[in-house]
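Remember, predicted model here, so these are calculated numbers, not experimental data.
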Amino acid sequence: MQECVRSFISQHDKSALLLVDIGVWPFRDLLDKYPNRAKNIGIFEPGTVGLASGLSLSGIVPTVYGISPFIVQRALEQLKLDFAYQGIGGNFIVTGASYDFSSLGYSHYCPEDVATLKLLPGIEILTPGTPLQFKQLWDVCHNNNKPSYFRLTDYCNKHDVEVEFGKASIIKKGTGGTVVVVGECLDSIIEASENLDLSILYYTTIAPFDYETLNRYMVGDKLFVCTPFYEGSLSADILRCLYNKKFIMKECSVPLEIIRNYGSKLDKDRYYGLTSDCLKKQLVEFFCFR
């Protein structure tokens, strides 16, 4: 991520990087070299997003880097009115995913970000599972005059499949049913589905949602959805896509509840059934494998 942003700021005079006291040390070279276009605004997310919109309106492409709950929740009104309503572009790169900052408590969790942003028309939502996938999505989206939200995680996948903006990747074709998996959940699903006759569709672009691939490659009448954010975040898209099909859907995601359990990121994944062993049991039971 850092190299993509560093290259963009260095090579384009009409670009700017705005930090909110996150990532200051990794980007210190840009802050020193381009003091007029690279700034650490401080812990002031709503104002920073508002400032970014002003830059965008003046012809400069802004990139804001922060933690997911602070950008999405604190600056939601600015994302809505200053970007979505104005129809202007900018990049919002966030770290923390749903609960990567597990030890910092609920204020640093944001499993609601995708569901929240999907209510703002025109915002692109990207969930790369690896640094390479971030670059592939960044290369397409970062200068396309649209607000692009890049949801990063510290717990990247080992399976580094190539991805395309706006398209789901076909990981595996089977006959026993279909699995839709998002972002950093891919590794667990691949491990859980080993030796299971399933089709796996991997989504790293959440908005705009790829209806065509799901409709075309949906196998059987059972759909298993695995996402690293609040359950129901993709339900409207899936129902809109498969409105003419009869199917049963099971979702393994973060339940719509206040996260009060403590421990590491892995502890939370186990608690919510998102580890490979937990997913294996769910897949076998749901698709009636023996």
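In this structure, the separation between CG on Leu214 and CZ on Arg240 is 12.5 Å, given to the nearest 0.5 Å. The structure places CZ of Arg270 at 6.5 Å from OG1 of Thr275, a figure rounded to the nearest 0.5 Å. Annotation: the span from Thr130 atom OG1 to Glu162 atom CD amounts to 10.0 Å, rounded to 0.5 Å. Taking OG1 of Thr205 as the start and CD of Gln133 as the end, the distance is 10.0 Å to the nearest 0.5 Å. Taking OH from Tyr34 and OG from Ser10, the interatomic distance works out to 4.0 Å, rounded to the nearest 0.5 Å. One distance of note links CG of Leu198 with OG1 of Thr175; it measures 8.5 Å at 0.5 Å rounding.
Residue-environment remark: NZ (Lys146) stays at or below the threshold of 12 foreign heavy atoms within 6.0 Å. Counted within 6.0 Å of CD on Gln2, heavy atoms from surrounding residues, nucleotides or ligands total more than 12; the atom is thus considered enclosed. Atom CD of Gln86 is surrounded by more than 12 heavy atoms from other residues, nucleotides or ligands within 6.0 Å. Counted within 6.0 Å of CD1 on Ile43, heavy atoms from surrounding residues, nucleotides or ligands total 12 or fewer; the atom is thus considered open. Counting heavy-atom neighbours within 6.0 Å of Tyr262 OH, excluding the residue itself, gives a total of 12 or less.
For the pair Lys80 and Tyr85, the NZ or CZ position fails the cation-pi test of under 6.0 Å to the six-membered ring centre and within 45 degrees of the ring normal.
Asp100 and Tyr109 are not linked by any side-chain donor-acceptor pair at a separation below 3.5 angstrom, with hydrogens and angles left out of the test. If you check the side chains of Asp267 and Asn261, you find no donor sitting under 3.5 Å from an acceptor. Ser102 and Lys268 are linked by a side-chain donor-acceptor pair at a separation below 3.5 angstrom, with hydrogens and angles left out of the test. With hydrogens and angles left out, the side-chain atoms of Asp113 and Tyr230 include no donor and acceptor closer than 3.5 Å. Side-chain atoms of Arg151 and Ser68 form no donor-acceptor pair, as typed in the model, at a separation below 3.5 Å. No side-chain N or O of Thr116 forms a donor-acceptor pair with one of Glu112 less than 3.5 Å apart. Side-chain contact, Asn144 with Glu124: a donor N or O sits under 3.5 Å from an acceptor N or O. Between the side chains of Ser188 and Ser276, no donor-acceptor pair is found at a separation under 3.5 Å.
Residues Glu3 and Arg6 are paired through a salt bridge, judged by an N-O separation under 4.0 Å between the basic side chain and the carboxylate. Salt-bridge annotation for Asp221 and Lys246: absent, with no side-chain N of the basic residue lying under 4.0 Å from a carboxylate O of the acidic one. No salt bridge links Asp32 with Arg28; every basic N to acidic carboxylate O contact stays at or beyond 4.0 Å. A salt bridge is absent between Lys280 and Asp277; no separation between the charged side-chain nitrogens and carboxylate oxygens falls under 4.0 Å.
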- What do the steps show when you test Val181 against Ile200 for side chain to side chain contact (heavy atoms under 4.5 Å, CB included), and what is the final call? CA-CA 7 Å; Val181 59; Ile200 300 176; 3.8 Å; yes
- Task: Could you give me the CA-CA distance, side-chain angles and deciding distance for His108 and Phe70, then say whether ring pair (Phe, Tyr, Trp, His ring centres under 6.0 Å) is met?
- Result: CA-CA 8 Å; His108 284 61; Phe70 302 157; 5.0 Å; yes
- Given Asp13 and Arg37, is the side chain to side chain contact (heavy atoms under 4.5 Å, CB included) satisfied, shown in steps? CA-CA 8 Å; Asp13 293 337; Arg37 295 189 290 113; 4.3 Å; yes
- Message: Run Val5 and Leu17 through side chain to side chain contact (heavy atoms under 4.5 Å, CB included) and show every step you take.
- Response: CA-CA 8 Å; Val5 174; Leu17 173 65; 4.0 Å; yes
- Test Leu19 against Phe27 for side chain to side chain contact (heavy atoms under 4.5 Å, CB included), laying out the working first. CA-CA 9 Å; Leu19 306 176; Phe27 288 118; 4.1 Å; yes
- Let me see the working for Lys265 and Asp154 under salt bridge (charged side-chain N to carboxylate O under 4.0 Å, His left out), right down to the final yes or no. CA-CA 10 Å; Lys265 161 74 162 54; Asp154 291 338; over 6 Å; no
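Aromatic ring pairs are classed by plane angle as parallel below 30°, tilted from 30° to 60° and perpendicular above 60°; the pair Phe8 and His12 is tilted.
In this structure, Tyr211 has its ring center closer than 6.0 angstrom to the ring center of Phe209. Aromatic ring centroids of Phe83 and Phe92 lie under 6.0 Å apart. Ring centroid separation for the pair His142 and Phe150 does not come in under the 6.0 Å cut-off.
Under the 4.5 Å side-chain heavy-atom criterion for grouping Ile, Leu, Val, Met, Phe, Trp and Tyr, Ile189 is not connected to Tyr155 through any hydrophobic cluster. Leu274 and Phe286 sit in two unconnected hydrophobic clusters of ILVMFWY residues. Membership requires side-chain heavy atoms under 4.5 Å apart, directly or through other members. Under a hydrophobic-cluster definition in which Ile, Leu, Val, Met, Phe, Trp and Tyr are linked whenever side-chain heavy atoms come within less than 4.5 Å, directly or via other members, Tyr65 and Leu51 are assigned to different clusters. Note: the hydrophobic cluster containing Trp138 does not contain Ile60 (ILVMFWY, side chain heavy atoms under 4.5 Å, direct or indirect links).
Between Thr213 and Tyr202 the shortest side-chain heavy-atom distance does not fall below 4.5 Å. Looking only at side-chain heavy atoms (C-beta outward), Leu196 and Phe287 stay at 4.5 Å or farther from each other. Two residues are said to be in side-chain contact when any heavy atoms from C-beta on lie closer than 4.5 Å; Ile206 and Thr227 fail this criterion. Counting only heavy atoms from C-beta outward, the side chains of Leu152 and Ile93 approach each other to under 4.5 Å. For the pair Lys172 and Ser193, the minimum side-chain heavy-atom distance is below 4.5 Å. A 4.5 Å side-chain heavy-atom check between Ile171 and Val179 finds every atom pair outside the cut-off. Annotation: side chain of Val180 is in contact with side chain of Tyr203 (closest heavy-atom distance under 4.5 Å). Side-chain contact between Leu126 and Pro128 is present, with heavy atoms from C-beta onward closer than 4.5 Å.
The minimum heavy-atom distance between Val161 and Leu186, with the atom names listed, is CG2-CD2, 4.2 Å. For the pair Ala207 and Ile123, the tightest heavy-atom approach, listed with the atom from each and the gap, is CB-O, 3.6 Å.
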